[in-house]
Amino acid sequence: MITINNLSKTFKTKDHTVQAVDDVSIDIEKGDIYGVIGYSGAGKSTFVRLINRLEDPTDGEIILNGQDMTDLSKAQLRLERQKIGMIFQHFNLLWSRTVYENIAFPLEIAGIPKANREEKVLELIELVGLKGRENSYPSQLSGGQKQRVGIARSLANDPKVLLCDEATSALDPETTDDILDLLVSINEKLDLTIILITHEMHVIQKICHRVAVMEQGHVVEQGDVLDVFMNPQSKTTKRFVQQLNPQEGSVEELKDFITSDERSKVVKLHFVGHNAKRALISDVSKQFDINVNILQGSISPTQEGAYGTLYVEFQGEPETIEDVMNYVKTTGVGVEVIDHVD
Amino acid sequence: MITINNLSKTFKTKDHTVQAVDDVSIDIEKGDIYGVIGYSGAGKSTFVRLINRLEDPTDGEIILNGQDMTDLSKAQLRLERQKIGMIFQHFNLLWSRTVYENIAFPLEIAGIPKANREEKVLELIELVGLKGRENSYPSQLSGGQKQRVGIARSLANDPKVLLCDEATSALDPETTDDILDLLVSINEKLDLTIILITHEMHVIQKICHRVAVMEQGHVVEQGDVLDVFMNPQSKTTKRFVQQLNPQEGSVEELKDFITSDERSKVVKLHFVGHNAKRALISDVSKQFDINVNILQGSISPTQEGAYGTLYVEFQGEPETIEDVMNYVKTTGVGVEVIDHVD
Amino acid sequence: GTGEAEGGGNSDSDEPVELTVGAVPVPHAEILEEAKPQLEEEGINLTIETFQDYILPNEALADGSIDANFFQHIPYLEDQKEQAGYDFVSLGGIHIEPIGIYSKNIDDVDNIEEGTDVIMSRSVASHGRVLALLQENGLIKLDSEVNPVTAEVDDVVENPKNLNFDASIEAGFLVENYERESDALVAINTNYAIEGDLNPTEDALILEGSESPYANVIATRSENEDSEALQTLVEVLRSDEIQSFMEEEYDGAIVPVSE
Amino acid sequence: MLTNIFPNVDMEKMWVATYETLYMTFISVLGTFILGILLGLLLYLTNKGNLWENKSLNSIVAIIVNVSRAIPFIILILLLFPFTDFLLGTIRGPNAALPALIVGSAPFYARLVEIGLREVDKGVIEAAKAMGAKTRTIIFKVLLPESMPALISGITVTAIALISYTAMAGVIGAGGLGDLAYMEGFQRRNNDVVLACTIFIVVIVFIFQFIGDWISKRIDHR
Amino acid sequence: MLTNIFPNVDMEKMWVATYETLYMTFISVLGTFILGILLGLLLYLTNKGNLWENKSLNSIVAIIVNVSRAIPFIILILLLFPFTDFLLGTIRGPNAALPALIVGSAPFYARLVEIGLREVDKGVIEAAKAMGAKTRTIIFKVLLPESMPALISGITVTAIALISYTAMAGVIGAGGLGDLAYMEGFQRRNNDVVLACTIFIVVIVFIFQFIGDWISKRIDHR
Ligand SMILES: Nc1ncnc2c1ncn2[C@@H]1O[C@H](COP(=O)(O)OP(=O)(O)OP(=O)(O)O)[C@@H](O)[C@H]1O
Ligand SMILES: Nc1ncnc2c1ncn2[C@@H]1O[C@H](COP(=O)(O)OP(=O)(O)OP(=O)(O)O)[C@@H](O)[C@H]1O
Ligand SMILES: [Mg+2]
Ligand SMILES: [Mg+2]
């Protein structure tokens, strides 16, 4: 659906040049919810703005539905843009227009006659759950409601692709969940391809099928969400995965349990995917003469199955612990001895 | 240290009156980090603004160090305010002043001669880790650095109390942790009483000793953080506690495990406090003929010990499961059978 | 200031006498400028203050910031004395600036059509003068009870040609109006006419005669009436040299007087 | 009783003058609004980072705006004589005052328009671009509506300045209250006429301010 | 060569007039700055929700500001004669023009000051209050410094308008470039003098604009 080849964008300012996007190649399939995650300044916004040519690429190509976005005339580009929806962090609604008029705006731009707009707009208002608020002005809406208007607006021209640049970063956690649910349902209902930029890992976890991790303009990792979660390669990705389980990061509390006693070992268990062995601790306790203390960690469901990390303490004879470790490895659960905390 | 009795504040506007704070009584002890949590509009900001009299209470008293804040003259109030630090969500730094000058501002207000300011300001800059940035303007700082300036500024007059109104809500998760660590270290170093407003539960979890939950102007629950976490009474509190373990909220995935099979039960285990039995699953598996599948949940450390919830599946004979349940109850771990998900 | 003026005229004194006279730029200030060397010989140091309007020179004279002024004719002076209660006297007329009525398209008084526009300066002081001139030429009749000097457009009682009066144009714009409003009659003060490259004696449709009562005078406060310096000033301005300067410089558009 | 306090005030003349002042103000406000918005849009659009970024065009417009703001009104009237004559066939009367009034105040208003346009949220403009909007659409459906409260309060300020400006148009026979105050009041030393005209002007000012405030409040949904 | 293009231009007179224009502009800009900030602060502080909230005082100041903005300059000069005479002992010359220039432009600037003050972040004012600041401290250490770029660009606009205003002060013998252009240039049909004066005025305008932009850029650390 969207193929991006060797995309680069360099900004030149007076005193320095910034390579905001650097040789990025990505394939996005129809119906995907594709997440792009990265720290501030990683180039995420620039990347997404290159897709609808709000920025002109320095190099590379963007093929959307077989159409190379980089060699369109101005008029063609405008038409093409009408088929790409975009949702913004700060909503970017026109305060001078009501909810209805804001949603009708892209239809006006596309030159659809007034009479034909109404049905579409009302349908969208219904879809995003704003019935009854047609004549409210944005200033009379809450953040979540504003973003719903933003979503409805982005869908007005029946786009094939939806670009979301930090669409939920300005919202509180409650409302974020709400909006994400709405995006998922739209994705399913309309079979829409969504590219979603965020710096919040739980947004990726909650709704994305695939993810790319950006760092200094490069894509350092990409693939299925679970694959990336399971085997984070780069430091950035690891840090993001930690974000999902904040406790995993703060391993200081484990210190008290890490002793030189051979009969006690702190172990990190990593559960990933549909076949993660959920009964592992129970099994081990039964089969081996060993005590398992759960110290901290979490297990959570994702779009693609269970995922999580538990830090546990094995208490028993050194040899038994060794046996247990070997057993765990056969079950497909990741296992790692933690012998120091820094 | 701070005693608040029957505090109320009513806003009267043209078409309606709002009871923003309604009969609130709270005791805060010296050195406490006291959290106030609640949804938007619950009256948190109004509450904290009543403490330093940025709003005049409609009713009730605020006794700070034995001094009733409600019957001070204007001049006395100004002096009293100089002893109360305040940190704001949007930092509220003067862009026209450098970091140094911003931090010196409260000292200027307190009429401290220029020569005597320098030492204090430099000490504070050191404390909040901004050495070398003295002459930067706020616009040249990141959000976290700005908030550090805000913190340093609030400490300039050696306040006895620090009021923080959503001090971290405008910051990204990384920076939030950073700022919270700084607050804890200041609390410990200076034995400062901190009142901290937030709508983010993990902020409370991370640094507060005690917490009050506000809803529509009322304090619906207050006490030690762990007590409130363990036995959330009101719906609001429950929802907040859920925020901490997002998976706990999304129990839909448990549906697949809840069957009419008598030999399988989905159980919620609730671990609270220092004596939470960490080896429970291991124990049970050894002692009883039963399999324990961990479905989802998390265990995390708090200021007052471990805390968490695990959803597990017990597989075994109905009577055995019954026995296990009884056994678990004796260990002090909360237990509850989940037989439906809504 | 006043002090010097009072003690003035003592040509024996080594100290020159300071004299400050207010005037409008053309021609009054220029005439005064021309008289400076002669006055110096008489031991008078003349300072010229120029004004753009006709109210302030009298105000300045009244409050003592100038010793005399030179811009107005007797009828106007009389009118102002009455209205503002000034205690002024005229020390004598110096010249007449005959006002003229000009038109680009109309070449004869008899060819003036019904409803022709008459454009004149917004200076109220000159309205009566223009109206009197029109009356003399039989174009209108003024209320006989009104002093023609202070007459206003409202005082026209007979207007057989239905002339259309516009009495609010900035004096400096009159020549421009003559150029562009070609079907109108434009009353132009001589100084502006000269500056606008018009020759009053040739170009004017109607020109005031030398019998005009509108001689421009040196005016001062009554207390200065006997000031020797001011007497000397008047004498110098009436001298042959200055009179011939006026005739030559202004091409006959200014008529010197000596009574 | 009023004739005692205002013995020299001729109400008929007052009404005529009021009409002239209102006429000149209305038309020149209209002209200033249109010309000012055009110039303001040009200033804004050709500025750095905006739709028609063009440094030299921007400088030229800025020079025109600055220069005409600084030229004294009387000189402006003079410079515009040929143009006014060509346009209207006369250089006298209320109509002849309009070109100078408009040229004198439009550049000032243009600056206010530019300031107002700069306040329009860049994000909203970008959103319109992302929807495939033409520049014309962005101007008429985003820039102007979103800056309308600023444009309205700007034209209110300008209109009030124009009221005082119209007095100067008296020099070409445009009449109006300011001119009446000068001709009948000041020159004839009738202080009552000056006072009466001033009162009338002040009332007009308040009406303008009221209307401006009301409109800008009505259309401001921020 | 220059004397060929400008045969009637007397450079000495030009410099005198330039000096007069600059003198009047400088002093009146200074006066306008101070009086305008005072009035602007009053307008702001007495407004709803601000430190000295006071509806009637606010209305009174608003009326004064509106009224003096609308009174034609010539009438203003006239109305101020007694005051000017009392203050300076004369009603003529550049100094005598200053009261009218200042009274004529301060209200306009006051509005710009008010707009600038409104832009000051309410949170910052609140922070100062929470630190126990006196109103005076808030005014001098928060409100004025934080709105300074707006105050500076406002006084730049006002100063440029004042340059054109000074031309009108010619009626009381204040001189200046605008007056020279009118008296020596226009009235004597010396177009070269008009042109030369206009060029001088434009140069002054650009210098003012440049200085204003430079200062406001320097002090703006946002
Ligand atoms: N117009 C521009 N001119 C110069 N540099 C730019 C421009 N836009 C972006 N950059 C730079 O490009 C880099 C990438 O910016 P970008 O906005 O894409 O990051 P981001 O990942 O979206 O960050 P954030 O999470 O803060 O939004 C940054 O270093 C930024 O400073
Ligand atoms: N000055 C005011 N006038 C009228 N109503 C007010 C005023 N300030 C606050 N309120 C109302 O009081 C209630 C409590 O507001 P408050 O700002 O204290 O809530 P909050 O808990 O801080 O919310 P948030 O998380 O959004 O900051 C709200 O309903 C609000 O609308
Ligand atoms: Mg971004
Ligand atoms: Mg709040």
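We name chains A, B, ... by the order of the sequence lines, and we start the count at 1 in each one.
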With a 4.5 angstrom heavy-atom cut-off, could you sort out which part of [X] is near chain D: side chain, backbone, both or neither?
{"X": "C/E176", "value": "both"}
{"X": "C/D79", "value": "neither"}
{"X": "C/D183", "value": "neither"}
{"X": "C/A171", "value": "neither"}

Fill in: Test item: C/D154 and D/K13 side chains (from C-beta on) under 4.5 Å apart, heavy atoms
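Answer yes - side chains close enough.
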
Worksheet entry | side-chain contact (heavy atoms from CB on, under 4.5 Å) between C/E170 and D/M168, intermediate numbers included | CA-CA 10 Å; C/E170 166 70 24; D/M168 285 187 280; over 6 Å; no

Practice prompt. Could you walk me through whether C/F173 and D/R92 pass the side-chain contact (heavy atoms from CB on, under 4.5 Å) test, one step at a time?
Written response: CA-CA 10 Å; C/F173 289 160; D/R92 289 183 307 125; over 6 Å; no

Practice prompt. Compare every heavy atom of C/S168 with every heavy atom of D/D179, then report the nearest pair and how far apart it is.
Written response: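 So the two residues come closest at OD2-CB, 4.1 Å.
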
Discussion item. If I compare all heavy atoms of C/I169 with all of D/I172, which pair ends up nearest, and what's the gap?
Written reply: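 Looking at all heavy atoms of both residues, the closest pair is CD1-C, 3.4 Å.
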
Discussion item. If we ignore hydrogens and angles and just use 3.5 Å, is the side chain of C/R180 paired with the main-chain N or O of D/T90 as donor and acceptor?
Written reply: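 The answer is no, because no donor-acceptor pair under 3.5 Å joins these two groups.
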
Please check if atom [atom1] in [X] has more than 12 non-hydrogen atoms from other residues, nucleotides or ligands closer than 6.0 Å.
{"X": "C/K104", "atom1": "NZ", "value": "yes"}
{"X": "C/E113", "atom1": "CD", "value": "no"}
{"X": "C/E114", "atom1": "CD", "value": "yes"}
{"X": "C/K161", "atom1": "NZ", "value": "yes"}

Worksheet item: Side chain, backbone, both or neither: which part of D/I74 has a non-hydrogen atom closer than 4.5 Å to chain C?
Response: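 For D/I74, the contact with chain C is made by backbone and side chain together.
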
